[in-house]
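First the structure, in the form of structure tokens, and then the observations on it.
Atoms within each ligand, like the ligands themselves, are counted from 1 in listed order. On a predicted model such as this, the values are computed, not experimentally measured, just so you know. In this chain, numbering begins with 1 at the start of the sequence shown.
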Amino acid sequence: NFEGQAPKNWLKINLTPNARVVLEKRYLKQIDGQVIETPEDMIYRVANVIAAIEEEKYGKGEKETRALAKEFYTIMANLEFMPNSPTLMNAGRDLGQLSACFVLPIEDSMEDIFDAIKNAAIIHKSGGGTGFSFSRLRPKNSMVRSTGGVASGPISFMKVFNSATEAVKQGGTRRGANMGILKVDHPDILDFIQCKEDNKEITNFNISVGITEEFMKAVREERDYDLINPHSGEAAGKLSAREVFAKIVDHAWQNGEPGIVFLDRLNESNPTPQLGKIEATNPCGEQPLLPNEACNLGSINLKLMVTEKNGKMVINWERLSHVTRLAVRFLDNVIDANQYPLKIIDEVVKGNRKIGLGVMGFADMLILLQTSYATEEAVDYAEKVMKFIQTEARIESQRLAEERGTFPNYESSIYDGVMKLRNATLTTIAPTGTISMICAASSGVEPLFAVAYTKTVMDGTSLVEVNPLFETFAKEYNFYSPELMRKIAEKGTVLGLPEVPNWVQEIFTTAQETSPEWHIRIQAAFQKYTDNAVSKTINFANSATREDIAEAYRLADELNCKGLTVYRDGSREEQVLSTGTTV
Ligand code: ADP
């Protein structure tokens, strides 16, 4: 029984009013609309359920398990680590579904298509997001032998998936999220690229074109490339690679969709190629998975991994190591504590035991280190931090492998004979849409969104919300005034404000002021040491041209990114799929 209140003498969580609201709306247990759990009770529940696995499954004693629960509790109460939302919401409760990411297969038959729709609905109900490859579906207007009719093609089926998602609002509040991927050599690729042209269509999907090496080569060489009918395996015409590339760019320029995902690169780092190819990712793109695979994520708050040493702010490597080790153990336990929505998912997940440990608060960390986001120095910090986390995570996963065994599909995996690991993947950079709000940290590896902004509250009055680090700096360096804060909220930026010292202007640059090139270079720096992928938005000014977007794609390819999502300011009235921010 994991119900109950956190012991009174355990650490209290220092939450911002915003964080408290987020938790009360969706995460804390309620009976008849009444919240009956404190935030401390919530993490106590989570820590206990996840630690208890060691007693139930790995034969640890009660005392040791209890001590571990307290360690898990502490890193969450400190806001140093947070698992993905489903773990916070569902651990120790009836649903018991703890993963944010799923990929479901869609084979080219009616049964399979509608099975996938049903399974997606079950997953959405539990707070998970689903990704699909539509690449195996025969193109529209192909023959259907059993009926003598013609097939309606991937895009028309995506609309059915979309409607089903629309109907299943998660837990009454959170709408499901999907990723739809179509390979660039599918005959319906042109329809796919424009399927979200009208912003009101297919709103519960992010879409990405699955780019191949062959295609990129054809773009460079200005050649045509072959389309292939997945049903017959035969060539089904040719398209100019340049023209298709230009069309992707044009639509991304218009409203941010489709994104692109480099499929061959995903497969180069597929840890278990013996099990087949990776064809899809979760909704925000950071987690490539095999069909029927799921993954649970967690993120370390880098804002809290900075400390003062001899009067200087430096990275607290010791603490980062401690939190990384505990987080890996926590996430490995989540795999066993999880109640999967389908038996097949349970089997596939437990074969690879993938986990996705990432970070949030990277921009905050840079500010504390007084480093601007758009600099070599920041790229350097990104690489150093992620390399350290990956190394420490592997050390812990190796330790767990010794104690509990390697992941069952270890043999023939890319790690076979290299290092014994408990988990086929360890690191993923998630958007941290909600958990970064809970931790009052900047999201994922993104720059600050704004230094200050105006928020309208229920009674219609407007409040100025100032980035807490900026407020601290302003007070410490004597340029704080409520008028200035209001002025910044109106402008959204501190650039060019004479009241703000130049060096402060430089470290508080926002996403909009960061050039696409630096956005991509930071993404690539994190990707270098991330087993899975990096969720990141590349911001462009409204005046950016199509060629600017094309250039970004080429740079992302050159720097070994696994995919790219672009957004040109003002090109969409509403963000189509906010990443977990729909509280
Ligand atoms: P959180 O901060 O809530 O833990 P993230 O913003 O980091 O979540 O998103 C991580 C993943 O969780 C996404 O890539 C997606 O797979 C899933 N996810 C996010 N928002 C939703 C949603 N509204 N519905 C379903 N899944 C979601």
Legend entry - Salt-bridge present (Lys528, Glu383; N to O < 4.0 Å): yes
Inset, instruction - Decide whether an N or O pair under 3.5 Å exists between Gly433 and ligand 1. - result: yes
Inset, instruction - Would you check the N or O atoms of Cys101, main chain and side chain alike, for any that come under 3.5 Å of an N or O of ligand 1? - result: no
Legend entry - Geometric N/O contact Gly285 with ligand 1, under 3.5 angstrom: no
Inset, instruction - For Ala452, enumerate each residue passing the side chain to side chain contact (heavy atoms under 4.5 Å, CB included) test, keeping only those at least two apart in sequence or located in another chain. - result: Val466, Ile488, Ala489
Inset, instruction - Could you tell me whether Asn84 and ligand 1 have an N or O pair separated by under 3.5 Å? - result: no
Inset, instruction - Could I get the full list of side chain to side chain contact (heavy atoms under 4.5 Å, CB included) partners for Thr130, not counting sequence neighbours? - result: Phe102, Leu104, Ala120, Ile123, His124, Phe132, Asn178
Inset, instruction - Looking only at distances, please establish whether an N/O atom of ligand 1 is found under 3.5 Å from an N/O atom of Gly129. - result: yes
Legend entry - Ionic contact status for Lys196 with Glu201, cut-off 4.0 Å: no
Inset, instruction - State whether Arg136 and Asp112 are salt-bridged, where the test is any N-O pair (Lys NZ or Arg NE/NH1/NH2 against Asp/Glu carboxylate O) under 4.0 Å. - result: no
Inset, instruction - Flag the pair Asp264 and Lys562 as a salt bridge only when some basic side-chain nitrogen lies within less than 4.0 angstrom of an acidic carboxylate oxygen. - result: no
Inset, instruction - Report yes if some N/O of Thr432 lies less than 3.5 Å from some N/O of ligand 1; otherwise report no. - result: yes
Inset, instruction - Specify side chain, backbone, both or neither for Arg175, according to which of its non-hydrogen atoms lie closer than 4.0 Å to ligand 1. - result: backbone
